[in-house]
Structures are given as structure tokens and as C-alpha cells.
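The structure appears right after this line, and notes come after that.
Computed from heavy atoms alone, side chains included, the values below leave out hydrogens, waters and symmetry copies.
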Amino acid sequence: MKSLRVIVRHHGGPEVLEVVEEDAPHPASGELRVRTIAAGVSFAELLMREGIHPEKTTLPFTPGWDIVGIVDEAGDGASHAMVGRMVAALPIHGGYAQLICLPEDELTPVPPGVDPAEAVSLVLNYVTAYQMMYRLGHASAGQRVLIHGAAGGVGTALLQLGRLAGLEMYGTASLAAHQTVSDLGATPIDYERTDFVKEIHRLTNNGVDVVFDGVGEANVWRSFRTLRPGGRVIAYGFTSFLQKGQLAGGLRYRLRGILRPAWYAVRAFVSPGRRRILPYSIQYLKRWRPAWFREDLGALLELLRDGKIKPIVAERIPLTEARRAQELLGQGGVKGKIVLICNSLAPRQGIAEQEQSL
């Protein structure tokens, strides 16, 4: 049996993504093999492709942080009862593949009837949003928040969760995405033509309680200037490192990416008003508190099943066109999540039949 997988053999632009056909992997002891249906495409993967993401991966590697698929084989010591179940996982790398083997405790069951492309949107984007909002930001009804990149994958997740939580929301986005931001319950701010610091103070009088900043670099300190006393900036990304999806300004960003956030956090700590800059990393928090990840993803899957959240799937692109998927994301202006379709929904029988057999 053969399967397809995307490999990065050296760092660079989208052109380094190579699709290879190889023998299908078999699960080791304690592992389950997942026939991937949907794999997410994220800025983290673009940064890893360029070799500047804090999560270091040895070359060659297969991108792919988040997947949803069907378990089709169990290794020794793993539960054979999981075969046929739809599951979600955050492998961090390896997701751009038709088949992936993972430890059983890395897999979270997906409720029956859920769209795999919508489910995979939860694994990275919505868990990131949920944990920043509740685990770090301690957001509560009536608080004001500013969301950068509000029309993107994490941004739209924050908007949907923030509306459920009763937050007063403001979101930076290009003018073309303002309707999306408004429809999700926030006041849009055109970051290209407006100074968002001045605009926030004009709209709110004394600033916001929490800022979610995935831009990085100097934007983090500007975000800090929008805070009211006791407020927090949650810094979680470095999209400013990329221009049209590729590394901007050379490898000096490796060092700047480490030093600047640390300097801003120290500067914030000694500033008046008890305002703080807090870093967030989904993979580090998952390793530190794995139970939180399982709990939060499970809660989000229930919200999806019950129709309380509705991820925006911007594009569904075949695995063989992974290069085009990353190019689209890098160009900017994507509303929601780009998803790679790696396999059809059910390899041997309809998914409804699989669910009825459990």
C-alpha cells in the first residue's frame, strides 16, 4: 500500500514543498494509524518552512500541525476499538500526509456528523483562541478586547468565542474583511489606513482589557499602548516576519524574534498601571498541561456539534496542491482556515455506517 506525503528537505519558500509517494507506515506499539481527511494550513507551518519558528524541526520534515482523520490500524497495546473512529490531533509536524501514526493518547474523538474541515479548524486555531481567552487572558463578560488579524483563522475563532463570552470586541483587518469582522460581532479597524492605537482610545476612551497580538515585533508594544490599567497583551505569533508568505529581511529575525518580545515584557513589567505582556505558545502549554489541551479541544468539539460555533473554511485544497495552499495563505487576506483534503471521507464504507458500527 502506498501513500502520499509532503516533505521539506531544505528551508525556503513554497517551492521547497515536495510531494512524495512511499510505502504506507504502520503503527508502533501504543500507536494508532490515522487516515488523514483534513489537515490545517497555518502561519506556523510557513515559519517552520522558512526555518525561523521557535519549534525547531530537523530537516527533512513533513509540515502539518493539525489533523482530523479516521483510525484505520492499531499497533500492539493500542485500542482496537478506536479503529473506524474519527479523531483529531495536534502532531505539530507530519500532518501533510495521507497516513500518520500517533500515540493513542494524542488523539481526541470527534463527535459524529461533524464536518472534518470544520473540526480541524478547532485543533490549532480555536484551541489557541480558547486558551488565550480563558487560560491566560481570564476574559469575562463586559470586558473590552482588541483582536489583530480579526478575519484570519485565529482571529475569527476569537471573535466567535468572544461573542459567546459577551465581550466588547474590536478587530484590526483590511478594509475588504470589515464585513466579516462586523458580522462576527466586533467593531472593525482598518490597520492599513488607521493608527489602531489612536482609534482604540477614540472609540473606548481609556483603552481595552486584553489584546490578542499574533503580529509580533513592534506591533506588540503598540498593542501595549492600547491597554487600560491592569490590562494584558497576549503575544502569540510572528506574522510580521513574513512578506507574501516568505521570510522578510533575512535571518536576523531569528535573534530579533527572541530578544524583542523579552525586552517588551520587561519594559511592560516596570511600566505603571499593572499592565503586562504575556507570551502564549500552544505547543509549550500542551506539553506542560496536556490535560488542558484535551479538555479544551473536547469542549470546542461539543460547541461545534451543538452549532454554537461555526469555523470559516476559506479553501479546501487537495494535498497534492500544498504549495498553492501555502502561497494563498502567505498572500494575506484569507478569511478563516485553509484546509488540505488528504483523503476522501471514508475509505471502505460511508462514515455513517462506521459510526453505526461503534
Side-chain angles (χ1 to χ4, degrees), residues 1-42 45-46 48-49 57-104 106-110 115-117 119-120 123-124 315-329 338-355 357:
M1 180 179 174
K2 298 290 186 179
S3 66
L4 299 180
R5 181 164 66 97
V6 175
I7 294 180
V8 174
R9 301 187 191 276
H10 56 88
H11 296 132
E15 70 279 358
V16 305
L17 298 178
E18 176 186 349
V19 180
V20 299
E21 184 180 56
E22 60 189 6
D23 291 335
H26 292 283
S29 178
E31 290 186 338
L32 295 169
R33 189 174 73 179
V34 179
R35 187 176 187 273
T36 308
I37 297 170
V41 180
S42 69
E45 290 148 9
L46 273 61
M48 290 176 80
R49 187 198 70 211
T57 303
T58 303
L59 292 167
F61 73 94
T62 294
W65 278 62
D66 44 347
I67 66 157
V68 164
I70 297 171
V71 176
D72 74 348
E73 187 177 328
D76 292 341
S79 173
H80 286 265
M82 289 293 290
V83 174
R85 294 291 302 270
M86 186 179 290
V87 294
L90 184 81
I92 300 178
H93 59 83
Y96 288 18
Q98 290 186 319
L99 295 167
I100 182 173
C101 298
L102 294 168
E104 184 174 354
E106 288 289 315
L107 305 180
T108 299
V110 174
D115 178 358
V120 82
V123 182
L124 176 60
E315 296 272 355
R316 300 172 193 240
I317 296 174
L319 175 65
T320 52
E321 298 179 31
R323 181 181 299 181
R324 180 169 72 88
Q326 288 202 356
E327 287 172 346
L328 280 174
L329 182 62
I338 295 176
V339 175
L340 292 177
I341 302 303
C342 305
N343 284 289
S344 58
L345 186 61
R348 299 181 184 88
Q349 59 185 136
I351 188 65
E353 294 174 359
Q354 291 185 8
E355 292 165 351
S357 70

Spacing of [atom1] belonging to [X] relative to [atom2] belonging to [Y], to within rounding of 0.5 Å:
{"X": "Ile100", "Y": "Ile67", "atom1": "CD1", "atom2": "CD1", "result": "5.0 Å"}
{"X": "Met48", "Y": "Leu59", "atom1": "CE", "atom2": "CG", "result": "10.0 Å"}
{"X": "Thr36", "Y": "Asp72", "atom1": "OG1", "atom2": "CG", "result": "9.5 Å"}

request  = Quick one: which residue pairs count as a salt bridge (Lys or Arg N to Asp or Glu O under 4.0 Å) with a foot in residues 23-32, not counting sequence neighbours?
outcome  =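 Found Lys2-Asp23.
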
key: Residue list, salt bridge (Lys or Arg N to Asp or Glu O under 4.0 Å) with Glu106, at least two apart or on another chain   =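 Counting only residues at least two positions away or on another chain, Glu106 forms a salt bridge (Lys or Arg N to Asp or Glu O under 4.0 Å) with Lys286.
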
Candidate pair Leu328 and Ile317, rule side-chain contact (heavy atoms from CB on, under 4.5 Å), full reasoning = CA-CA 11 Å; Leu328 280 174; Ile317 296 174; 3.7 Å; yes

key: Side-chain donor or acceptor of Arg323 paired with backbone N/O of Glu15 under 3.5 Å   =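 A pair under 3.5 Å: yes.
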
inquiry  = For Leu340 and Val41: C-alpha separation, side-chain torsions, deciding distance, then whether side-chain contact (heavy atoms from CB on, under 4.5 Å) applies.
reply    = CA-CA 7 Å; Leu340 292 177; Val41 180; 3.7 Å; yes

ask   = Which pairs count as ring pair (Phe, Tyr, Trp, His ring centres under 6.0 Å) when at least one residue sits in residues 69-92, sequence neighbours excluded?
value =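 Those involving residues 69-92 do not exist here.
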
query = side-chain hydrogen bond (donor to acceptor under 3.5 Å, both in side chains) with Thr62: which residues, sequence neighbours excluded?
reply =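 Thr62 satisfies side-chain hydrogen bond (donor to acceptor under 3.5 Å, both in side chains) with Arg5 only.
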
query = Who pairs with Asp76 by side-chain hydrogen bond (donor to acceptor under 3.5 Å, both in side chains), at least two apart in sequence or on another chain?
reply =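 Not a single residue meets the side-chain hydrogen bond (donor to acceptor under 3.5 Å, both in side chains) criterion with Asp76.
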
For [X], which residues count as a side-chain contact (heavy atoms from CB on, under 4.5 Å) partner, sequence neighbours excluded?
{"X": "His26", "result": "Arg33, Glu73"}
{"X": "Pro109", "result": "Arg85"}
{"X": "Glu104", "result": "Leu32, Ala78, Ser79, Met82"}

Donor-acceptor contacts under 3.5 Å from residues 88-99 side chains, at least two apart:
| unit_1 | atom_1 | unit_2 | atom_2 | d |
| --- | --- | --- | --- | --- |
| Tyr96 | OH | Glu45 | OE1 | 2.6 |
| Tyr96 | OH | Gln326 | NE2 | 3.3 |
| Gln98 | OE1 | Leu4 | N | 2.9 |
| Gln98 | NE2 | Cys342 | O | 3.2 |

